[in-house]
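Just so it is clear, the values below take in all heavy atoms, side chains as well, and ignore hydrogens, waters and symmetry mates. What you see is a predicted model, and the numbers here were worked out from it, not measured in a lab. So you know, we letter chains A, B, ... as the sequences are listed, proteins then strands, and number each from 1.
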Amino acid sequence: MSDQENIRKRKLKLIQSLGINPYPTNSIKINNNIKNILKNKKKLINDNKNLYIYGRIFNIRNIGKASFIDIKDYSDNKIQLYYNLNNLSTKKKNKKYFIYLFKKYLDIGDIIWIKGLLFITKMSEYTILIKNIKLLSKCLYPIPIIKKTTKKIYYQFNNIDKRYRMRYLDLILNPKIKNNFKIRFLIIKYIRNFLYKFNYIEVDTPILQKIPGGAYAKPFITYHNKFKKKIYLRISNELYLKKLIVGGFKGVFEFSRNFRNESIDKLHHPEFTILEIYIINKNYLWMMNFLQKLLIYICKKIFKTTIIKINKKIINFKKKIKIKKFYSIINKYSKLNINENTSIKTLKKICKNNKIKIKNYNKDKILDNIFNFFCKKKIKYPTYIIDYPIFMSPLAKSKTNNKKLVERFEFYINSIEIANAYTELNDPIEQYKRFKSQNKDKNIIDQDFLKALKIGLPPTVGIGIGIDRLIALLTNNLNIQEVIFFPQMK
RNA sequence: GACUUGGUAGCUCAGUCGGUAGAGCAUUACACUUUUAAUGUAAGGGUCCUGGGUUCGAUCCCCAGCCAGGUCACCA
């Protein structure tokens, strides 16, 4: 334990010896917050009524027998408090009490309650003259000091490792980070509002799954003691939502925490949030329009505009979103000439020529890598990629005019895949064939899902939207860990 | 998993071409009744990530490990 921590522990005991509970339980009277006080400062000065507020101490300046204290509350605004002995009760006992409390025992990080009046200092700063003060919570861990003016930051708390491991400190010290999470909350809130308007219902499906289906990824494996069986944390909820559509809902959605046992980077996290939406009697073209409307809605609600700056690029969600065909865009950027009939041999040759690593990949992965290599970084503005080959999309319905392509789109912004949508394959026999061609092992095939398809899935469109990525983009962060409260650390 | 950069005081960092370390803020003490990066004076605070090796001597050089960042691969 550091010296500074020991000093604080000693102070805690001294505070208790004054008869003060450093962690009181009483509910406290609060009649304002700092943001509101600053907003209505002129009126409040005229009113000359007592303000009851609380806040965490960020700075203390003792000048002789006077003191200035800066506090900040949940409204994330700071206000200066002032006291000198003349303002406090005239009783000598109390004077001593306050001197000790202010000068000796209060620290940066403490949470206090105060009663006081607003006034303006000689330096024209709106300040609260303290008439009474109570300690609400003593801070025993010395928090890093941030010093800055409007122009320059002198000291800061910016070590990524420490910020993520102690996110509570990060939130206290870095208002911008806190704001990211407020926006996260708002994005999810307004997506819900938007979907509720259509009477789609929000559902919960199993996180523990016997077969981790709906995607390809390494799952987290656990064990069910009663079943005496391995059980997996879901990598996707897709198959379950379709089962619900079979069950007769018009539209369902779930903010699904998915788990994939893969590595962490700017765009990947072992547990991440995907919004999955399934709607009957619609197809992927309808969904393109729907997604755009959703984005416009949340941007208008949160930012009051559809024009957002993302990674130095101005993006207007109201503009028509570009539509590019999967093979066309590859051919455009690579100057190749490939299509859905191109053989795996040719694709492998292309990879070899361009030094694209492919190990023992299947055709779908090879093609995905070719796309990533030539195209991904070039798709900066909102774009729908369509006309994916069937072998890359085992759960999507094929196009009527070309059975080798599917009714699917992926949505990209700033080179990041934000959403993936398709008209759902609802032919159970076709679905079985596709599963079988992908998995030789029959045990991995979700027979229950196939049974549901046999009973009958109405024409349905589904979409998965990477919520963490979307939030990162809309808050202009390049790393999703900035919008996940507690990223996984080793 | 591969490559690469970093780990020094509570925080942000400097530094030692190898002789066990500094700054600012924070902390402690004193002064100061309108400061706001308050100020002035003084003081305390470090296993220089861990373990080996080379060396008379390692925080520094070499090797291994741990943790983190970046790039790539896997995955959304």
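Considering only residues two or more places apart in sequence or on other chains, Lys325(A) meets the side chain to side chain contact (heavy atoms under 4.5 Å, CB included) condition with Ser328(A), Ile386(A), Asp387(A). In terms of the side chain to side chain contact (heavy atoms under 4.5 Å, CB included) criterion, residue partners of Ser137(A) (sequence neighbours excluded) are, by chain and number, Tyr23(A), Ile111(A). By the salt bridge (charged side-chain N to carboxylate O under 4.0 Å, His left out) test, Arg234(A) is found to be paired with Glu254(A), residues two or more places apart in sequence or in another chain being considered.
Here the separation of rA2(B) from rG45(B), taken at their P atoms, is 43 Å to the nearest Å. Rounded to a whole angstrom, the distance from the P atom of rA26(B) to that of rA21(B) is 26 Å. Remark: the separation of the P atoms in rC63(B) and rU20(B) is 25 Å, to the nearest Å. To the nearest whole angstrom, the two P atoms, one in rG22(B) and one in rA29(B), are 25 Å apart. Separating the C1' atom of rC75(B) from that of rU16(B) is a span of 45 Å, rounded to the nearest Å. The C1' atoms of rC56(B) and rA64(B) are separated by 26 Å, rounded to the nearest whole Å. Distance check on atom C1': rU54(B) versus rC13(B) gives 31 Å, rounded to whole Å. rG46(B) and rU55(B): their P atoms are spaced 32 Å apart (whole Å).
No side-chain heavy atom of Leu186(A) sits under 4.5 Å from any side-chain heavy atom of Ile188(A).
Atom pair Tyr82(A):OH and rC32(B):C1' shows a separation of 12 Å (rounding to whole Å applied). What separates CD of Gln80(A) from P of rU34(B) is a distance of 12 Å, to the nearest Å. Look at CG on Leu173(A): it is 15 Å from P on rA26(B), rounded to the nearest Å. Residue Tyr126(A) contributes atom OH, which lies 18 Å from atom P of rU35(B) at whole-angstrom precision. Counting to the nearest Å, the P atom of rU27(B) and the CZ atom of Arg10(A) are 14 Å from each other. Between the CD1 atom of Ile145(A) and the P atom of rU36(B) there is a distance of 17 Å, rounded to whole Å. Distance CD1 (Ile143(A)) to C1' (rA26(B)): 11 Å, rounded to an integer number of Å. Separating the CG atom of Asn62(A) from the C1' atom of rU28(B) is a distance of 14 Å, rounded to the nearest angstrom.
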Report summary line: Counting primed atoms, P, OP1 and OP2 as sugar-phosphate and everything else as base, the B/S/- map of nucleotides 64-76 of chain B against protein heavy atoms under 4.0 Å is ---SSSSSSBBBB

Requested in this report: Sugar-phosphate atoms are those with a prime plus P, OP1 and OP2; base atoms are the rest. Using that split, label each nucleotide of nucleotides 41-49 of chain B B, S or - for protein heavy atoms under 4.0 Å, 5' to 3'.
Outcome: ----S----

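Using a cutoff of 4.0 Å between basic side-chain nitrogens and carboxylate oxygens, Glu5(A) and Lys9(A) are not scored as salt-bridged. Lys78(A) has no carboxylate O lying under 4.0 Å from a charged side-chain N of Asp70(A), or vice versa, which leaves the two without a salt bridge. Glu482(A) and Arg163(A) are joined by a salt bridge, as a carboxylate oxygen and a charged side-chain nitrogen come within less than 4.0 angstrom of each other. For Glu407(A) and Lys397(A), the salt-bridge test fails: no basic side-chain N is under 4.0 Å from an acidic carboxylate O. Ion pairing between Arg56(A) and Asp73(A) fails under the 4.0 Å rule for side-chain N and carboxylate O.
Nucleic acid contact for Asn158(A): sugar-phosphate only, since backbone atoms but no base atoms lie under 4.0 Å from a heavy atom of the residue. Within the nucleic acid shown, Lys355(A) has no heavy atom closer than 4.0 Å to any nucleic acid atom.
Using a distance-only test at 3.5 Å, with no hydrogens or angles considered, a donor-acceptor pair links the side chain of Asp446(A) to the main chain of Phe449(A).
Under 4.0 angstrom from either OP1 or OP2 of rA38(B) there lies at least one side-chain N or O belonging to Arg61(A). Phosphate proximity of rG10(B) to Lys162(A): absent, as no side-chain N or O sits under 4.0 Å from OP1 or OP2. Lys78(A) has no side-chain polar atom (N or O) that falls below the 4.0 Å cut-off from OP1 or OP2 of rU36(B).
Ring geometry for Trp286(A) versus Phe290(A): interplanar angle under 30°, hence parallel rather than tilted (30 to 60°). The aromatic rings of Phe259(A) and Phe220(A) stand perpendicular to each other, their planes meeting at an angle above 60°, with 30° marking the opposite boundary. Ring orientation note: the planes of Phe181(A) and Phe485(A) are close to parallel, at an angle under 30° on the 30°/60° scale.
Closest contact between the side chain of Lys65(A) and the listed nucleotides rU12(B), rU33(B), rU27(B) involves rU33(B).
Near-neighbour residues of RNA chain B inside residues 107-123 of chain A, defined by a heavy atom below 4.0 Å, number-ordered: Phe119(A), Thr121(A), Lys122(A), Met123(A).
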